[in-house]
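What follows is a short report on a single structure.
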Amino acid sequence: MKVKRLLITLIILGSLLVAPTDSTMAAGDELSGTIKEDGSTSVLPLAEAFALRFMKLHPRVRVIYGGGGSGTGAKDCAKGQVDIGATSRELKISEADLISYPIARDGVAIIVHKDNPVDELSLGEVARVYAGEITNWEEVGGKSGKIRLYSREEGSGTRDVFESKVMKEKDISGRAYFKKSNGEIQTAVARDPGSIGYVSLGYIEGTKALSIEGVKCTVESCKKGDYPLVRRLYFHTKGTPDEPVKAFIDFCRSEEGQKIVEQLDYIPLTL
Amino acid sequence: MPRYLVDKISRKAVLLCALASFFILVLIVVFIFRDGMAGFIENGIGAFLFGTDWSLKRGEYGVGVMILGSISVTLGTIIIAAPLSITCAIFLAEIAPPEVREVVRPAIDLLVGIPSVVYGLMGMVWLVPLIRDHFGGGGYSLLAAIVVLTIMVLPTIISLSEDSLRSVPRHYKESALALGATDWQAIWRVLLPAARPGIVSAIILGMGRVIGESMACYMVIGNAFAFPSSVLDPSRTLTSNIVGQVEEAAYGSSHMHALFACGIVLLVFIFIFNSVSFTMGRREG
């Protein structure tokens, strides 16, 4: 009796283990398999939406995304640990042996607390604030109070763009509060009345995005190219991708994929 | 199988297991030093340990700020946690009625097992805004880290100290009482000195846990690259520096070497703590 019951249990367990591989093998011309992605947290919401839609179209494909930052994405992709590495910046020279596919564009918003009366800063002012040269909100037309800087850790794609387009020669002050992801900056800025931060356009909820050089930070102004802080988001692969990875990237860059981009307040590629 | 053979085989098996854990330790040390020493050499030992500038852009790595951060967090935590936990241990070992102890002690043992990231999360959501609203500053601060780590390390020190108080032979206290000492005199003059080695090593183990804590610390300390001028300023510890940057560091780069060198500095701290705890624990009180 005991042996029999054990056998049945084993068979059930075994069939559970076999089932997923079974279904992938049964597929004909239908796409199947697992796509592993990793990288930028700026790309994360978009990659998740892409994945959900793609998995609905191709039920035999599983897409997994991890948000480890642009550096991690490129690194893991080069090592072959993931199929797709996502970055919110261009590849660095040390990462150049990957193939890049732009999948969308994205604005970098300068955000402050909702109750902050300041609505607009120039690029120069933002740079001087982050360099620690302007330390009080009074100096840029706000209420008197210390400015608390929130920044990303070095290596972040968003920070790379922010440094090259805003800071230029200046360095971000060491007195800033450093965080590891867009979400953490958003949360911190939303709750701290004296704060300023910079995030991907998809992370401005609960905060106020400042106008830069007189241009409002919206999807429209980014699309038109008026807003100065726009960058491309990339998927990277190591070598030419096989199916289903190729189909997935094609899907993201297709008209349908770019519709998702627009729905999520990112900026579609100009095709 | 003959019994002597069973004996022999099991001896060998146990020896193998013991050697395996030792071997793993050796491997860890070797690998940390292999990459970490490169970090020291690339920057120069003095510049690395006392430099205050950590910048990928300029390729300069100095951990002066972080060493000071780690030390101030550890000292701050222990100054608050040690008296609290020792009094609590005395209460549990000597004063509390058995029914109270039966409830409190398991609760404390359970607290030891709560993952530190949970403490960090609570610190981030509750403590940081509290500090910002009532004390000023950004909330993410040395103070927040000290409070979170104090709460985290209390149960560890309490349960170890209570064990060492309980292991003091009963007749020590009974003799003191027979000589006319009050209950408190017996605890303060006899019990505590007798349990001192155990209590000291409990505190030092607690210090090791604090200096090695990474995630909870990263979530509340603010991670600024600057010397804090008050407990309300943000700071950065060696561990939070590794947590914050390891994801973006490329293998074999000088950035990764510098992070491993942080690991060496941490290892040295832990080594010092453990040897102090070891010598203290061995000495008879």
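Letters A, B, ... are given to chains in the order of the sequence lines, protein chains preceding strands, and every chain is numbered from 1. This one's a predicted model, so the numbers in the text were calculated from it and none came from an experiment.
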- Query: Taking all atoms of both residues into account, what is the closest heavy-atom pair of F178(A) and F225(B), and its distance?
  - Reply: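 Closest heavy-atom pair between F178(A) and F225(B): CE1-CD1, 3.4 Å.
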**Item:** Closest non-hydrogen atom pair between A224(B) and G174(A), with its separation
**Value:**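 Answer, listing the atom of A224(B) first, then G174(A): CB-O, 3.2 Å.
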Is there side-chain contact between [X] and [Y], with at least one heavy-atom pair below 4.5 Å?
X       : Y       : result
R132(B) : R148(A) : yes
K179(A) : N223(B) : no
R58(B)  : D171(A) : yes

Around atom [atom1] of [X], are there more than 12 heavy atoms of other residues, nucleotides or ligands at under 6.0 Å?
X       : atom1 : result
R62(A)  : CZ    : no
K92(A)  : NZ    : yes
E213(A) : CD    : yes
K170(A) : NZ    : yes
K114(A) : NZ    : no

Go through the atoms of [X] and report whether side chain, backbone, both or neither lie under 4.5 Å from a heavy atom of chain A.
X       : result
F227(B) : backbone
V246(B) : backbone
T52(B)  : neither

How far apart are the C-alpha atoms of V128(B) and R191(A), what are their side-chain angles, what is the distance that settles it, and do they pass the side-chain contact (heavy atoms from CB on, under 4.5 Å) test? CA-CA 10 Å; V128(B) 166; R191(A) 298 178 69 173; over 6 Å; no
In Å, rounded to the nearest 0.5 Å, how long is the span from OG1 of T187(A) to CE of M124(B)?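 Reported to 0.5 Å precision, the distance equals 6.0 Å.
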ask   = Between CE of M256(B) and NZ of K75(A), what distance do you get to the nearest 0.5 Å?
value =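 Spacing of CE (M256(B)) from NZ (K75(A)) equals 4.5 Å.
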Residue part contacting chain B, namely of A78(A), when any heavy atom lies under 4.5 Å:
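Contact with chain B is absent: no heavy atom of A78(A) under 4.5 Å.
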*Do side-chain atoms of Y140(B) reach the backbone of Y177(A) as a donor and acceptor pair under 3.5 angstrom?*
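Not a single qualifying donor-acceptor pair exists.
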Can R236(B) and E153(A) be counted as an ion pair, charged N to O under 4.0 angstrom?
->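 Yes, R236(B) and E153(A) are salt-bridged.
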